[in-house]
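Each ligand, and each atom within it, is numbered from 1 in the order the structure gives. The figures that follow rest on heavy atoms only: side chains count, while hydrogens, waters and symmetry mates do not. Starting from 1, each residue takes its place in the sequence as its number.
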Amino acid sequence: MTISVSPYISKVYDAAIARNPGEPEFHQALGEVLESIAPVVAQHPEYAEAGILERLVEPERQVMFRVPWVDDAGRVRVNRGYRVQFNSALGPYKGGLRFHPSVNLSIIKFLGFEQTFKNALTGQGIGGGKGGSDFNPHGTSDGELMRFCQSFMIELTRHIGQYTDVPAGDIGVGTREIGYLFGQYRRLMNRHESGVLTGKGLGWGGANVRTEATGYGVVFFLQEMLAKRGETLEGRTAIVSGSGNVATYAIAKLQQLGAKAITVSDSSGYIVDQAGIDLELLKQVKEVERLRISAYADRRPGAHFVASGRVWEVPGQLAIPAATQNELGSDDAAALIRNGVVAVAEGANMPSTPDAVELLQQAGVLFAPGKAANAGGVAMSALEMSQNAARERWGFEESEARLSGIMSDLHAAAYDASEKYGHPGDYVIGANAAGFVRVAEAMLAQGLI
Ligand code: NDP
């Protein structure tokens, strides 16, 4: 990828690419953000003078470490752990942990970089970071998972804390994993520091609506975008990918608001269920029995499983990619457009390739980048931290109302910035610009750090 928006931005981008060779996902995220903040940088020469961009693209700290553990057969296994602390101008580093065999430094850096702007956009006092491991939770026993989490935390403990860095879940890390990580942190530090991790269970410091927040938030954002055009979710059919936390609760909120999700997927293939996804069955298959998604079709009359092919070929008016990065390419975007898609909201981080985004926007499809659409999760994590600090727990309805308000504010911030910088309705530019300005102003005020 090359970008040619201004000599200053191109210089920063080229230097960052040269300094971080072999990291395609990080390069992609850098290119997307730097390109879209060009109109902001042009209006603020002081940012270039203070080297804001040069500093922003360099993480404040990157940690990589060995994670040894013993499997059930008594064999020693070794994984690699990561924590990239990208930017703390607005608050403690904040971002999830991903456990997936594909995890590498490039993926963690792209996620940490994106997280910085997303967190700024929420308006909460949180910086950006991300971490994880190439550990594969599929097929491991509960004991193996616990031993891995304990070993991972022995090292991570040195780098985190409620005022330093507050990890949460991401792919492969849910309440169960957060539980083992929190238990080990508590044991090592000899203190019950609730605010060190978010996504905790409700009985031990967790917050209402944190589990649902990302998926619900995506749908609230979608609702706001449609409302801007005088449209609603009512009666619409949605194509959803993934079948984990984000997909599940996006589907739940779609159903509550009168729309119908007819697909889910995992890395083995996808399900089409024209009657609408049965959430109880989905949770039973994926969360309780931890089976592959084909088991859903085995038990649901009328649903079918497709092992090869692309979920984006299934016709629908709404699309929510909620699995992983680069899962929606230009052919997929073309198929969605052919089938009359009206809006795409990214539940996952960077699921659409730059070509796909361009095609969708050119076709007049409403497009919400993950940075804005999936920010409800981290926003509620910040509220989990507030509740931990105050030793309070807010009720479900109050928490959901706050989430809805945050998504509405976030939509307005992204839309207003898109107008201010000359691209009304372009939420990619709007979200990047609004988040960037908040971080850049804090960095300017805090001197050369
Ligand atoms: P989960 O682990 O709960 O679910 C991930 C889903 O995506 C699973 O169905 C998984 O299938 C599928 N998936 C993962 N990798 C691949 C792959 N390489 N190819 C195809 N399918 C894949 O994760 P989440 O729902 O938490 O996260 C999904 C996305 O949302 C990620 O991009 C994450 O960064 C993003 N996100 C999550 C937030 C949260 O609060 N959880 C907040 C903001 C963003 P399989 O089981 O086969 O691997």
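At a cut-off of 3.5 Å, with distance as the only test, a side-chain donor of N432 or E32 sits close to an acceptor on the other residue. No hydrogens or angles considered: a donor-acceptor pair under 3.5 Å links the side chains of Y180 and D142.
Residue contacts with ligand 1: R98 is placed with a nitrogen or oxygen under 3.5 Å of a nitrogen or oxygen of the ligand (distance criterion only). Looking at V246 next to ligand 1, an N or O pair under 3.5 Å apart turns up. Note: an N/O pair closer than 3.5 Å links T214 and ligand 1 by distance alone.
When side chains are defined from C-beta on, W312 counts as touching I239, because their heavy atoms get closer than 4.5 Å.
Taking the six-membered ring for Trp and thresholds of 30 and 60 degrees, Y415 and H411 have nearly parallel ring planes, at less than 30 degrees apart.
With a 4.0 Å heavy-atom cut-off, ligand 1 is reached by the side chain of H100 but not by its N, CA, C or O. Residue contacts with ligand 1, taken as heavy atom pairs separated by less than 4.0 Å, do not involve Q325 at all.
Side chain of Q255 to backbone of I277: a donor-acceptor contact under 3.5 angstrom is found. Side-chain atoms of E358 never come within 3.5 Å of backbone atoms of P354 as a donor-acceptor pair (strictly under, hydrogens ignored).
Considering only non-hydrogen atoms, atom 44 (C) of ligand 1 lies nearest to N349 out of V173, V311, N349, V218. In the candidate list G199, P137, S267, S267 is nearest to atom 45 (P) of ligand 1, counting heavy atoms. Of the listed options T248, D170, N136, D170 places a heavy atom closest to atom 34 (O) of ligand 1. Comparing G215, G269, G242, A323 against atom 28 (C) of ligand 1, the shortest heavy-atom distance belongs to A323.
Ligand 1 does not have G169 within reach: every non-hydrogen atom of the residue lies 4.0 Å or more from it. Remark: distances from the non-hydrogen atoms of R290 to ligand 1 are all 4.0 Å or more.
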